[in-house]
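For reference, the structure is listed below as structure tokens.
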Amino acid sequence: MPQNFALVDCNNFYVSCERVFDPSLEGRPVVVLSNNDGCCVARSNEVKALGVKMGTPWFQLRELAERHGIIARSSNYTLYADMSNRVMGILAGFSPCQEIYSIDECFLDVTGFVNVDLTGYGQTIRARVSRWVGLPVCVGIGTTKTLAKLANHVAKKRPQYDGVFDYGTLADSEQAALLESIDVGEVWGVGGRIAARLQRRGITNVLALREADPKILRREFGVTLERTLRELRGESCLDLEEVNPPKQQIMCSRSFGQPVMRLAELREAVTAYTARAAGKLRAQNSVAGAVHVFVNTNLFKPNEPRYQAGLAVPLLVPTSDALELAKAAIGGLEQIYRPGYRYQKAGVMLLELDSARSRQSQLFDEPEADAAERRKRLMKTLDEVNRRMGKGALRLAGEGLQQRWKVRSDYKSPCYTTRWDELPVVSAR
DNA sequence: TCTGGGGTCCTAGGACCC
DNA sequence: TCTGGGGTCCTAGGACCC
């Protein structure tokens with residue numbers, strides 16, 4: 001039986017989350033900014049209509065924002081993650097198989113829904129998510145993941161479909177006409193670079209890509225694009241992945257709210273980032289065999305002295321212990337630090353990850369084993385306290401108290417759904 | 001003044017081995 | 001004058017995604 005996939009995607013997800021809790025934003029131009037209020041990572045339709053591109057730096061928009069009353073929000077990932085969990089929970093009820101692909105979209109397996117009007121099914125999904133959590137979604141349906149993605153794009157862009165589009169309902173000639181009307185760059189897996197190269201060869205729309213010679217494409221662009229082409233032809237090459245395998249690397253990095261020059265402050269930041277990364281590491285029950293630490297100055301400033309450096313520090317015994325990982329990261333930092341630069345960013349990457357379980361048979365001396373056991377309990381307590389009392393309730397001393405390097409977020413909304421003291425207050429008259 | 005963060009996969013080329 | 005061939009592993013870099 002041919003497979004069939006639905007891709008459900010929230011519209012302007014971050015902006016829509018903000019609107020759920022602040023209805024005054026409805027109908028107005030809204031952007032959500034990246035960390036440090038750097039650039040736009042989500043735009044309302046009103047903002048898109050003004051021609052603002054994804055990733056535009058906020059400071060470049062000041063004038064336009066003033067003229068059109070654009071409202072900015074700092075990103076509130078705690079809120080978005082919680083809203084995402086609610087949406088994914090609802091969507092899970094619509095299919096036995098779900099792949100959560102990103103914070104705002106998931107694939108549902110709708111293979112074998114033979115007596116179901118899938119367009120109507122999509123409308124039911126839209127209505128339920130809207131009613132239960134207040135977020136708008138669009139649904140695209142196709143016999144491969146790539147076609148479902150493309151169908152979702154159509155559902156979003158063409159109002160006549162009212163947010164749901166099933167590619168399979170079109171006759172062959174209609175499919176061809178549709179594909180011909182869509183830019184090749186809209187295809188999942190075709191980014192800016194490849195789109196430009198394809199266009200130079202006259203492959204400008206999706207139909208041309210579908211009709212290209214797979215062998216030539218593979219030779220010129222690699223196996224990934226060949227797969228994309230096959231998927232466009234309806235040959236499913238990408239399966240639904242219900243369980244996500246453990247991460248192979250875990251990273252935590254941030255740009256600073258203001259430039260940092262002193263080693264002492266970099267140490268604080270690197271300690272804090274390592275603690276974050278180690279928390280994620282323990283959450284997936286892994287240990288790391290190496291820590292990579294890196295720093296850089298602001299690369300956008302051509303007139304300032306530039307410096308970029310990183311170092312991977314191997315660990316004798318793989319671990320998930322925040323204190324040990326931080327010690328290694330700090331050791332690396334001290335080797336790459338050069339005085340006199342205005343540092344703009346630092347980061348930590350945990351590498352050579354392995355399952356914690358496969359490591360249990362380590363041979364230890366008695367006292368060492370004891371110490372290791374105590375540390376493990378300490379980390380467990382740390383995680384538990386932070387889970388119950390909120391992130392950052394318990395921290396490493398090395399993270400510092402002042403944290404002058406911390407990210408800026410001047411326009412942040414409350415964590416309405418995850419902090420007791422920030423619950424929205426509703427009153428009726 | 002002000003330009004995000006966190007991932008994956010694939011390929012090419014070098015080192016090394018027999 | 002002549003100087004193999006093939007496999008594997010690792011790493012860096014490029015491309016993509018949201």
Side-chain angles (χ1 to χ4, degrees), chain A residues 7 9-14 31-43 52-63 65 72-77 80-81 84 99-107 145-146 149 152-153 184-198 217-228 237-238 241 244-259 269 273 276-277 279-281 284 290 292 294 296-304 310 312 342 344-353 407-411:
Chain A
L7 179 77
D9 189 322
C10 300
N11 304 353
N12 315 330
F13 182 56
Y14 297 167
V31 294
V32 172
L33 305 176
S34 64
N35 270 337
N36 261 322
D37 297 337
C39 41
C40 304
V41 290
R43 303 154 295 155
V52 175
K53 297 270 179 294
M54 181 75 170
T56 307
W58 174 234
F59 74 90
Q60 288 177 3
L61 286 179
R62 281 294 150 77
E63 202 187 313
R73 285 277 196 266
S74 304
S75 39
N76 183 344
Y77 289 109
Y80 310 149
S84 174
E99 174 185 339
I100 298 174
Y101 178 69
S102 76
I103 193 166
D104 72 334
E105 63 189 294
C106 77
F107 289 100
K145 286 167 121 181
T146 303
K149 272 280 215 183
N152 189 280
H153 168 81
V184 72
E186 301 293 347
V187 174
W188 188 39
V190 178
R193 299 277 165 82
I194 288 180
R197 280 168 61 198
L198 285 171
L217 227 63
R218 182 187 190 125
R219 196 176 59 224
E220 302 283 323
F221 296 88
V223 65
T224 315
L225 195 66
E226 188 201 3
R227 255 194 312 252
T228 298
C237 307
L238 304 167
E241 289 167 26
N244 29 2
K247 303 236 182 303
Q248 299 171 42
Q249 50 176 260
I250 290 174
M251 181 151 97
C252 181
S253 78
R254 295 276 181 282
S255 295
F256 303 130
Q258 48 186 307
Y273 301 163
R276 265 305 285 284
K280 294 188 212 170
L281 185 70
Q284 71 163 27
H292 181 92
F294 63 91
N296 56 252
T297 56
N298 192 335
L299 304 173
F300 286 100
K301 293 194 168 174
N303 301 324
E304 278 191 21
R342 292 160 63 80
Q344 182 242 356
K345 182 176 183 175
V348 166
M349 227 185 298
L350 304 181
L351 307 168
E352 293 169 34
L353 306 194
V407 296
R408 254 194 330 271
S409 54
D410 292 341
Y411 322 103

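Side-chain atoms are counted along with the backbone in the values below, which use heavy atoms only and exclude waters and symmetry mates. A, B, ... follow the sequence lines: proteins, then strands. Residue 1 opens every chain.
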Shortest non-hydrogen contact from Lys247(A) to Leu353(A)?
O-CD1, 3.4 Å
Can you check the Leu238(A) CG to dC10(B) P distance for me, whole Å?
10 Å
When you measure from the side chain of Tyr101(A), which nucleotide among dG4(B), dC17(C), dT3(B) comes out closest?
dC17(C)
Given atom CG of Asn303(A) and atom P of dT3(B), what is their separation to the nearest angstrom?
15 Å
Which word best sums up how the rings of Tyr77(A) and Tyr80(A) line up, parallel for under 30°, tilted for 30 to 60°, or perpendicular for over 60°?
perpendicular
Does Asp37(A) reach a base, just sugar-phosphate, or nothing at all? Heavy atoms under 4.0 Å.
nothing
Ser255(A) side chain: which of dT8(B), dC2(B), dG5(B) is closest?
dG5(B)
Atom-to-atom span, CD of Glu105(A) to P of dC18(C) - whole angstrom
6 Å
Over all heavy atoms of both residues, which pair between Ser253(A) and Gly347(A) is shortest? Give the atoms and the distance, please.
CB-CA, 3.5 Å
Whole-Å gap separating C1' (dT1(B)) and CH2 (Trp58(A))
15 Å
Would you indicate what Gln248(A) reaches in the nucleic acid, counting non-hydrogen atoms under 4.0 angstrom: base, sugar-phosphate, or nothing?
sugar-phosphate
Grab the CG-P distance between Asn296(A) and dT3(B) for me, whole Å please.
12 Å
Output the residues of residues 186-197 of chain A in contact with DNA chain C, where contact means a heavy atom of the residue under 4.0 Å from an atom of the strand; sort by number or write none.
Val187(A), Trp188(A), Gly189(A), Val190(A), Gly191(A), Gly192(A), Arg193(A), Ile194(A)
Heavy atoms of Ile250(A) and Ala277(A) approach each other most closely as CG2-O, 3.8 Å
Heavy atoms under 4.0 Å, any strand shown: does Ile250(A) hit a base, just sugar-phosphate, or nothing?
sugar-phosphate
Check whether any side-chain N or O of Thr56(A) sits under 3.5 Å from a backbone N or O of Cys40(A) as a donor-acceptor pair, and report yes or no.
no
Nearest-nucleotide 5' precedence on DNA chain B, Gln344(A) against Arg218(A):
Gln344(A)
What does Asn35(A) touch in the nucleic acid at a heavy-atom separation under 4.0 angstrom: a base, only the sugar-phosphate, or nothing?
sugar-phosphate
Closest non-hydrogen atom pair between Lys145(A) and Glu241(A), with its separation
NZ-N, 4.3 Å
May I ask you to verify if any side-chain N or O of Lys301(A) is less than 4.0 angstrom from the OP1 or OP2 atom of dT3(B)?
no
Measure CG/Asp104(A) against P/dG6(B) and give the value in whole Å, please.
18 Å
Are any side-chain N or O atoms of Asn35(A) and backbone N or O atoms of Val407(A), one a donor and one an acceptor, separated by less than 3.5 Å?
no
Length of the CG-C1' vector between Leu299(A) and dG4(B), whole Å
14 Å
Which nucleotide sits closest to the side chain of Asn298(A): dT3(B), dG7(B), dG4(B)?
dT3(B)
Scan Val223(A) against the nucleic acid and name what it touches under 4.0 Å (heavy atoms): base, sugar-phosphate only, or nothing.
sugar-phosphate
Lys145(A) vs dC17(C): side-chain N/O to OP1/OP2 distance below 4.0 Å:
no
To the nearest Å, give me how far apart CD (Gln258(A)) and C1' (dT3(B)) are.
17 Å
Given dG4(B), dG6(B), dC18(C), which nucleotide is nearest the side-chain atoms of Ser253(A)?
dG6(B)
With 3.5 Å as the limit, what N/O pairs link the protein to nucleotides 13-16 of chain B?
none

When the C1' atoms of dC17(B) and dG4(C) are considered, how many whole Å apart are they?
14 Å
Base, sugar-phosphate, or nothing: which does Arg276(A) touch, judged by heavy atoms less than 4.0 Å apart?
nothing
Stems of at least 3 consecutive Watson-Crick or G-U wobble pairs (donor-acceptor distances under 3.5 Å) involving DNA chain B, listed by first number, are B:5-18 with C:5-18
Closest non-hydrogen contact found for Gly257(A) with Arg408(A) is O-NH1, 2.6 Å
Students often mix this up, so state it plainly: with edges at 30° and 60°, are the rings of Phe256(A) and Tyr273(A) parallel, tilted or perpendicular?
parallel
Sub-4.5 Å side-chain heavy-atom contact between Ser75(A) and Leu33(A)
no
Nearest non-hydrogen partners of Ile103(A) and Ser84(A), listed with the distance
O-OG, 2.6 Å
Assert: residue with more 5' nearest nucleotide on DNA chain B, out of Lys280(A) and Arg227(A), is Lys280(A)
Check each of Leu350(A), Val348(A), Leu351(A) against His292(A) using the side chain to side chain contact (heavy atoms under 4.5 Å, CB included) test, and report the only one that passes.
Leu351(A)
Run the side-chain contact (heavy atoms from CB on, under 4.5 Å) test on Leu7(A) and Glu105(A) for me, step by step, so that the C-alpha distance in whole Å, both residues' side-chain angles and the decisive distance to 0.1 Å come before the verdict.
CA-CA 7 Å; Leu7(A) 179 77; Glu105(A) 63 189 294; 3.7 Å; yes
